[in-house]
Amino acid sequence: MHNKTLSELSEMLHKGEITSVELTRHFLDRIKTHNTELNAFISVCEESALAQAAAADEQLKNKTAGKLTGIPMAHKDIFCTKGVRTSCASKMLDSFVAPYDATVVEKIAASGMVMLGKTNMDEFAMGSSNETSYYGPVKNPWDTDRVPGGSSGGSAAAVAARLAPIATGTDTGGSIRQPSSLCNLTGLKPTYGRISRYGMIAFASSLDQAGPMAANAEDAALLMNAMSGFDERDSTSVEREVPDYTATLNDSLEGLRIGLPKEYFGEGLDPQVAATIETAIKEFEKLGATIKEISLPNTHLAVPTYYVVAPAECSSNLSRMDGVRFGHRAENPKDLQDLYQRSRSEGFGAEVKRRIMIGTYVLSAGYYDAYYLKAQQCRRLISDEFQQAFNEVDVIMGPTAPTTAFKLGEKTNDPVAMYLADIYTISTNLAGLPGMSIPAGFAEGLPTGLQIIGNYFDEGRLLNIAHRYQQVTDWHKQVPKAFA
């Protein structure tokens, strides 16, 4: 049951072969059995999930149900959910219960899906390994001594272990794609502005974007149909018609021009990961695509640029969490300064504090021009470079991550090594482009991911390319043996 696609589950529900309540109980039982080992969920909403499932069964019975009605799913704990704790995996928000739903939550609920619970993540989405969570690290289902990637590691582990058929994630510098690569999933970061950020707790407002984390491209397309669209409550939301992402899944790839940036295949890329990517590229040639080497010479600027821009925005966004209005509040403060100081130092973890301090520094009067302004200029160079590349090719491909999943604790004392885990994904966030990771094979028994980057609002094409690849390969069907 748990290895079926969303389309297969939908068909079973509509034919009456299973009820949504039965399906929801099945996944809730799997969460009870396996979550202690993986730590993928922060909150499990059993009572409300079963109530939503019962309502879905009524719709199915009355023939008013949609394609996704009655199918369970999970939300990353960065999305506000009315009446349910929204913690962002931080002590600061451990007791915060949102008074409203994020637009993404609202839209998915309107499609009739059932929320199983909220998944674990890096604190305030800051991390590449899901080890900075206040609730402890998430474990990779393929090897529980290893990280699942971050920051959407809880969603990745939950879907990879089939504790949920599909989940939402967010991607600020690779936080959907990198864990998808490390956990053998299909993860899509849409174009900036394609999906509303209203009610999604902000880390870096010009970079954050929500997207689906799924077993395959068709499932991701179905959730994209539900999630996408203009939202007047979000000033960065783009008013643009949403296509049916499932309609073009089977389009031919004949004549597709694929660009391979030479900078993505150089020093730092694990040779075995490189081999799986090269094998995947050959499959696209068989499907009619042509391959061309391209250059993105400013790729080396992506990490330093990101780690000026993102901390600057996080410093600003997290300033509202001061112990006064909501969130953690220090006990018995002596005065206002003591309240601010102790509430923030007690409420935030080490990585969040590090980024707040970096961000405050680069925004300070003496350093703004030297760091923040310069980083924004580099960001424009990176964006322009992609546009030049898209004059020559239709999509860009390469590895999602330089290595397979690394051991828990391996990089926690070396922030720079941790930051470099996102070296291939960060550029697309800086440019606001859509990118996705799809399963491309295994290196020493661990999953690797192929990254596909498209031009603005090319999500349909990316999903089509991924789907056609998945029709001729079965990497996406591989499940960790312990959770099969």
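Because the structure is predicted, anything quoted here is derived from the model rather than measured. No hydrogens, no waters, no symmetry mates; every other heavy atom, side chains included, goes into these values.
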Practice prompt. Measure the CG-CG distance between Leu185 and Asn216 for me, rounded to the nearest 0.5 Å.
Written response: 10.0 Å

Worksheet item: Is there a side chain to side chain donor-acceptor pair (under 3.5 Å) between Arg233 and Thr103 once you walk through the steps?
Response: CA-CA 9 Å; Arg233 296 172 296 186; Thr103 299; 3.0 Å; yes

Fill in: Any donor-acceptor pair under 3.5 Å from Glu131 side chain to Thr412 backbone
no

Response to the item:
Residue set satisfying side-chain hydrogen bond (donor to acceptor under 3.5 Å, both in side chains) with Glu459, at least two apart, ordered chain then number -> Thr191

Practice prompt. Applying side-chain hydrogen bond (donor to acceptor under 3.5 Å, both in side chains), name anything that partners Asn140, two or more places apart in sequence or on another chain.
Written response: none

Discussion item. Quick one: does any side-chain atom of Asn225 pair with a main-chain N or O of Tyr245 as donor and acceptor, under 3.5 Å?
Written reply: yes

Fill in: Residues Asp101 and Lys82 bridged, charged N to O under 4.0 Å
no

Worksheet entry | Atom pair OG1/CD1 of Thr276 and Ile281 - distance to nearest 0.5 Å | 10.0 Å

Item to complete: Could you go through the side chain to side chain contact (heavy atoms under 4.5 Å, CB included) check for Leu269 and Tyr424 one step at a time?
Response: CA-CA 10 Å; Leu269 177 62; Tyr424 302 130; 3.5 Å; yes

Worksheet item: Going through the distances and angles, do Asp458 and Arg461 end up as a salt bridge (Lys or Arg N to Asp or Glu O under 4.0 Å)?
Response: CA-CA 5 Å; Asp458 249 0; Arg461 190 195 294 243; 3.6 Å; yes

Discussion item. Using the ring-ring contact (aromatic ring centres under 6.0 Å, His included) criterion, which residues pair with Phe96? Sequence neighbours excluded.
Written reply: Phe326

Worksheet item: What is the distance from atom CG of Leu6 to atom CD1 of Ile71, rounded to the nearest 0.5 Å?
Response: 5.0 Å

Please set out all donor-acceptor pairs under 3.5 angstrom arising from side-chain atoms of residues 298-318, sequence neighbours excluded.
| unit_1 | atom_1 | unit_2 | atom_2 | d |
| --- | --- | --- | --- | --- |
| Asn298 | ND2 | Glu385 | OE2 | 2.8 |
| Thr299 | OG1 | Leu296 | O | 2.7 |
| His300 | ND1 | Pro297 | O | 3.0 |
| Thr305 | OG1 | Leu301 | O | 2.7 |
| Glu313 | OE1 | Ser205 | N | 2.8 |
| Glu313 | OE1 | Ser206 | N | 2.8 |
| Glu313 | OE1 | Ser206 | OG | 3.3 |
| Glu313 | OE2 | Ser206 | OG | 2.6 |
| Ser315 | OG | Thr360 | OG1 | 2.9 |
| Asn317 | OD1 | Arg320 | NH2 | 3.1 |
| Asn317 | ND2 | Phe203 | O | 3.0 |
| Asn317 | ND2 | Ser205 | OG | 3.1 |
| Asn317 | ND2 | Glu313 | O | 3.3 |

Worksheet entry | Sequence neighbours excluded, every pair satisfying ring-ring contact (aromatic ring centres under 6.0 Å, His included) that has a member inside residues 141-173 | Trp142-Phe442

Worksheet entry | Lys189 side chain vs Leu433 backbone, donor-acceptor pair below 3.5 Å | yes

Practice prompt. Please list all pairs passing the salt bridge (charged side-chain N to carboxylate O under 4.0 Å, His left out) test where one or both residues lie in residues 161-180, with sequence neighbours left out.
Written response: Asp171-Arg177

Worksheet item: Should Thr168 and Lys76 be marked as a side chain to side chain donor-acceptor pair (under 3.5 Å) after you check the CA-CA gap, both sets of side-chain angles, and the distance that decides it?
Response: CA-CA 6 Å; Thr168 55; Lys76 182 176 179 179; over 6 Å; no

Cut-off 3.5 Å, no hydrogens considered: what does the side-chain donor-acceptor table look like for residues 395-406, sequence neighbours left out?
| unit_1 | atom_1 | unit_2 | atom_2 | d |
| --- | --- | --- | --- | --- |
| Thr400 | OG1 | Ser437 | OG | 2.9 |
| Thr400 | OG1 | Gly449 | O | 3.2 |
| Thr400 | OG1 | Gln451 | N | 3.3 |

Worksheet, complete the sentence: For residues 346-366, the salt bridge (charged side-chain N to carboxylate O under 4.0 Å, His left out) pairs (sequence neighbours left out) are Arg342-Glu346, Glu351-Arg354, Glu351-Arg355

Practice prompt. Would you name the heavy atoms of Ala440 and Ile277 that are closest together and state the gap between them?
Written response: CB-CD1, 4.3 Å

Worksheet entry | Rounded distance (nearest 0.5 Å) linking atom CG of Leu207 with atom OG1 of Thr172 | 6.5 Å

Discussion item. I'd like to know whether OH of Tyr371 has more than 12 heavy-atom contacts from other residues, nucleotides or ligands below 6.0 angstrom.
Written reply: no

Worksheet item: Has Arg380 got more than 12 heavy atoms of other residues, nucleotides or ligands less than 6.0 Å from its CZ?
Response: no

Worksheet item: Which heavy atom of Val84 sits nearest a heavy atom of Cys45, and at what distance?
Response: CG1-SG, 3.9 Å

Discussion item. Evaluate Phe483 against Arg30 for side chain to side chain contact (heavy atoms under 4.5 Å, CB included), listing each step before the verdict.
Written reply: CA-CA 9 Å; Phe483 304 95; Arg30 283 186 66 78; 3.9 Å; yes

Response to the item:
Applying side chain to side chain contact (heavy atoms under 4.5 Å, CB included) to Tyr134 and not counting sequence neighbours gives Lys91, Asp94

Worksheet item: Between CG of Leu339 and CZ of Arg344, what distance do you get to the nearest 0.5 Å?
Response: 11.0 Å

Item to complete: Please name all residues satisfying side chain to side chain contact (heavy atoms under 4.5 Å, CB included) with Arg240, sequence neighbours left out, ordered by chain then number.
Response: Arg194, Val238, Phe457

Practice prompt. Evaluate the side chain to side chain donor-acceptor pair (under 3.5 Å) criterion for residues Gln209 and Thr170: first the C-alpha distance (whole Å), next the side-chain angles of each, then the deciding distance (0.1 Å), finally the verdict.
Written response: CA-CA 6 Å; Gln209 188 60 195; Thr170 62; over 6 Å; no

Worksheet item: Which atom pair, heavy atoms only, marks the closest approach of Ala74 to Ala164?
Response: CB-CB, 4.2 Å

Discussion item. According to side chain to side chain donor-acceptor pair (under 3.5 Å), does anything in residues 109-127 pair up with another residue at least two apart or in another chain? List the pairs.
Written reply: Asp77-Lys118, Thr81-Lys118, Thr86-Lys118, Ser90-Glu123, Thr119-Ser155, Asn120-Ser133, Asp122-Thr132

Worksheet item: Should we say atom OH of Tyr100 is surrounded by more than 12 heavy atoms from elsewhere, each under 6.0 Å from it?
Response: yes

Worksheet item: For Glu278, which residues count as a side chain to side chain contact (heavy atoms under 4.5 Å, CB included) partner, sequence neighbours excluded?
Response: Ala274

Worksheet entry | Residue pair Asp422, Ser128: steps toward the side chain to side chain donor-acceptor pair (under 3.5 Å) verdict | CA-CA 7 Å; Asp422 293 330; Ser128 304; 2.8 Å; yes

Worksheet item: How close do Ser196 and Asp231 get, heavy atom to heavy atom, and via which atoms?
Response: OG-OD2, 2.6 Å

Discussion item. Does the plane of the ring in Phe390 sit parallel, tilted or perpendicular to the ring in Phe386? Use 30° and 60° as the thresholds.
Written reply: parallel

